[in-house]
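Accompanying notes for the structure given below.
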Amino acid sequence: MPELPEVETVRRGLVEHVVGRTIISAQALHPRALNPKSLGGLSVIEGAQVQAIRRRGKFLWFVLDRPLVLAAHLGMSGQFLIRPFDIRHTRAMFTLKNGRKVTELHFNDQRTFGWLSIEETLGGLPTSVLKIAPDIFEDEYDQKSVIENIKRRNIKIKTAILNQNIVSGIGNIYADESLWLAKVHPERVASAMKTSDISRVLDSAKKVMSEALDVGGTSFDELYVNVNGDSGYFDISLNAYGQENEPCPRCGTPIKRIQFANRSSHFCPKCQKS
DNA sequence: GGAAATGTTTACCG
DNA sequence: CCGGTAAACATTTC
């Protein structure tokens with residue numbers, strides 16, 4: 001469930017199900033579930049009450065009634081599930097209690113690129129999030145300085161918006177969708193772009209991601225689901241990502257797919273001029 | 001069997 | 001230091 005709209009969907013589910021509850025037990029079931037940088041095993045948060053679930057970009061963290069937080073990144077296939085019907089890929093388990101009510105929370109992760117870690121905070125941010133830039137929906141997000149940052153670089157615009165240290169939360173799907181909406185070719189060099197074009201890309205990213213969030217994110221299969229195991233519906237709204245050879249919804253030209261930084265880029269060769 | 005999959009980090013090269 | 005590229009992590013599906 002991995003880009004900003006999907007992670008935010010998970011965060012909202014966690015707010016419903018775990019905030020205000022006390023962690024009775026927490027244990028990792030797979031050696032890769034715990035980030036090597038974690039200050040300790042998951043059991044160190046047993047007894048703590050969850051006060052809030054926060055997010056920056058694709059990073060989540062559980063605020064506790066103690067100085068430490070439980071930070072989490074879903075990687076490519078991580079899930080937090082309340083009522084898992086599939087426990088094949090459960091990598092960690094939490095039992096939470098609120099009075100007599102008991103909640104079992106699973107951290108599932110097929111590809112095991114996701115992780116959990118116990119971290120300290122600095123200025124309210126977990127250690128692993130310190131270098132991550134604010135995402136487009138945060139109060140701290142300053143689009144003017146983000147544009148200046150991007151403009152200083154001789155990198156492709158898609159590389160810039162995928163860089164979590166420049167602006168966080170955007171992954172391969174929403175990068176392609178944002179560039180399509182902004183009519184900007186993914187390989188345009190940032191330093192040669194007009195400020196207004198960079199601005200339009202970022203505005204488009206905000207628009208696309210808020211629309212995706214409204215429908216619970218993008219799910220192609222059951223890997224990307226909320227805490228109740230439900231899929232999001234943004235896949236039906238995709239205009240470029242995964243649409244190779246499909247007609248561009250704006251001009252009818254077949255969407256093109258190219259290799260980009262070891263992955264795929266999808267764009268309309270007519271609308272998005274290089 | 002090969003390729004690809006919504007992420008991040010690191011090594012290496014020029 | 002900068003940017004590009006490939007690989008690494010691991011699993012599953014088409």
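These numbers were taken from a predicted model, which means no experiment stands behind them. Chain identifiers are assigned alphabetically (A, B, ...) following the order of the sequence lines, protein sequences preceding nucleic acid strands; residue numbering begins at 1 within each chain.
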So what does [X] hit on the nucleic acid, given a heavy-atom distance under 4.0 Å: a base, only sugar-phosphate, or nothing?
X: A:Phe220; result: base
X: A:Arg257; result: sugar-phosphate
X: A:Asn172; result: sugar-phosphate
X: A:Ile173; result: base

> Is the A:Phe107 ring parallel, tilted or perpendicular to the A:Phe80 ring (thresholds 30°, 60°)?
Replying inline: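 Plane angle between 30° and 60°, so tilted.
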>> Taking atom CD1 as the centre, does A:Ile87 end up with more than 12 heavy-atom neighbours from other residues, nucleotides or ligands that are less than 6.0 angstrom away?
In response: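 No, not enclosed.
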> For A:Arg54, does the CZ atom have more than 12 heavy-atom neighbours from other residues, nucleotides or ligands under 6.0 Å away?
Replying inline: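 Open.
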> Do A:Arg152 and A:Glu148 meet the salt-bridge criterion of a basic N to acidic O distance under 4.0 Å?
Replying inline: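 Salt bridge: no.
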>> Taking only the C1' atom of each, what is the distance from C:dG4 to B:dA5 in whole angstrom?
In response: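 It works out to 23 Å between them.
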Mind calculating the distance between [atom1] ([X]) and [atom2] ([N]) to the nearest angstrom?
X: A:Arg153; N: C:dC2; atom1: CZ; atom2: C1'; value: 10 Å
X: A:Gln259; N: B:dA5; atom1: CD; atom2: P; value: 8 Å
X: A:Glu6; N: B:dA5; atom1: CD; atom2: P; value: 16 Å
X: A:Ile155; N: C:dC2; atom1: CD1; atom2: P; value: 11 Å
X: A:Arg263; N: C:dT5; atom1: CZ; atom2: P; value: 15 Å
X: A:Asn163; N: C:dG4; atom1: CG; atom2: P; value: 11 Å
X: A:Tyr174; N: B:dG7; atom1: OH; atom2: P; value: 10 Å
X: A:Leu60; N: B:dG7; atom1: CG; atom2: P; value: 14 Å

Would you say [X] places a side-chain N or O within less than 4.0 Å of OP1 or OP2 belonging to [N]?
X: A:Ser264; N: B:dA5; answer: yes
X: A:His73; N: B:dG7; answer: no
X: A:His89; N: C:dT12; answer: yes

> Taking it one step at a time, do A:Asp109 and A:Arg32 satisfy salt bridge (charged side-chain N to carboxylate O under 4.0 Å, His left out)?
Replying inline: CA-CA 10 Å; A:Asp109 190 7; A:Arg32 285 169 55 83; over 6 Å; no
> salt bridge (charged side-chain N to carboxylate O under 4.0 Å, His left out) between A:Asp203 and A:Lys206: does it pass, once the steps are laid out?
Replying inline: CA-CA 5 Å; A:Asp203 290 342; A:Lys206 185 169 188 176; over 6 Å; no
>> For a stem of at least 3 consecutive Watson-Crick or G-U pairs with distances under 3.5 Å, i pairing with j, i+1 with j-1 and so on, which stems involve DNA chain B?
In response: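 If one scans DNA chain B for consecutive Watson-Crick or G-U pairs, the stems found are B:2-5 with C:11-14, B:7-14 with C:2-9.
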> Are any side-chain N or O atoms of A:Glu6 and backbone N or O atoms of A:Thr218, one a donor and one an acceptor, separated by less than 3.5 Å?
Replying inline: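 Yes: the side chain of A:Glu6 pairs with the backbone of A:Thr218.
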>> Looking at A:Ile166, is its backbone amide N or carbonyl O close enough to the side chain of A:Asn149 to form a donor-acceptor pair, meaning the two atoms are under 3.5 Å apart?
In response: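 It does not hold such a pair.
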Please determine, for the side chain of [X], which listed nucleotide ([options]) has the closest atom?
X: A:Lys58; options: C:dA10, B:dT8, C:dT12; result: B:dT8
X: A:Phe59; options: B:dT8, B:dA5, C:dG3; result: B:dT8
X: A:Glu3; options: C:dG4, C:dA10, B:dG7; result: B:dG7

>> Does the structure show A:Phe113 stacking with B:dT8, if we require the centres to be closer than 5.5 Å and the planes to be within less than 30 degrees of parallel?
In response: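 The base of B:dT8 is not stacked with A:Phe113 (the test needs centres under 5.5 Å and planes under 30°).
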>> Heavy-atom nearest nucleotide on DNA chain B for A:Gln110 versus A:Ile132: which residue maps closer to 5'?
In response: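 Whichever sits nearer the 5' end wins; that is A:Gln110.
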> With nearest nucleotides of DNA chain C determined for A:Asn262 and A:Thr159 from heavy-atom distances, which residue corresponds to the more 5′ nucleotide?
Replying inline: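 Taking each residue's closest nucleotide, the earlier one in sequence belongs to A:Thr159.
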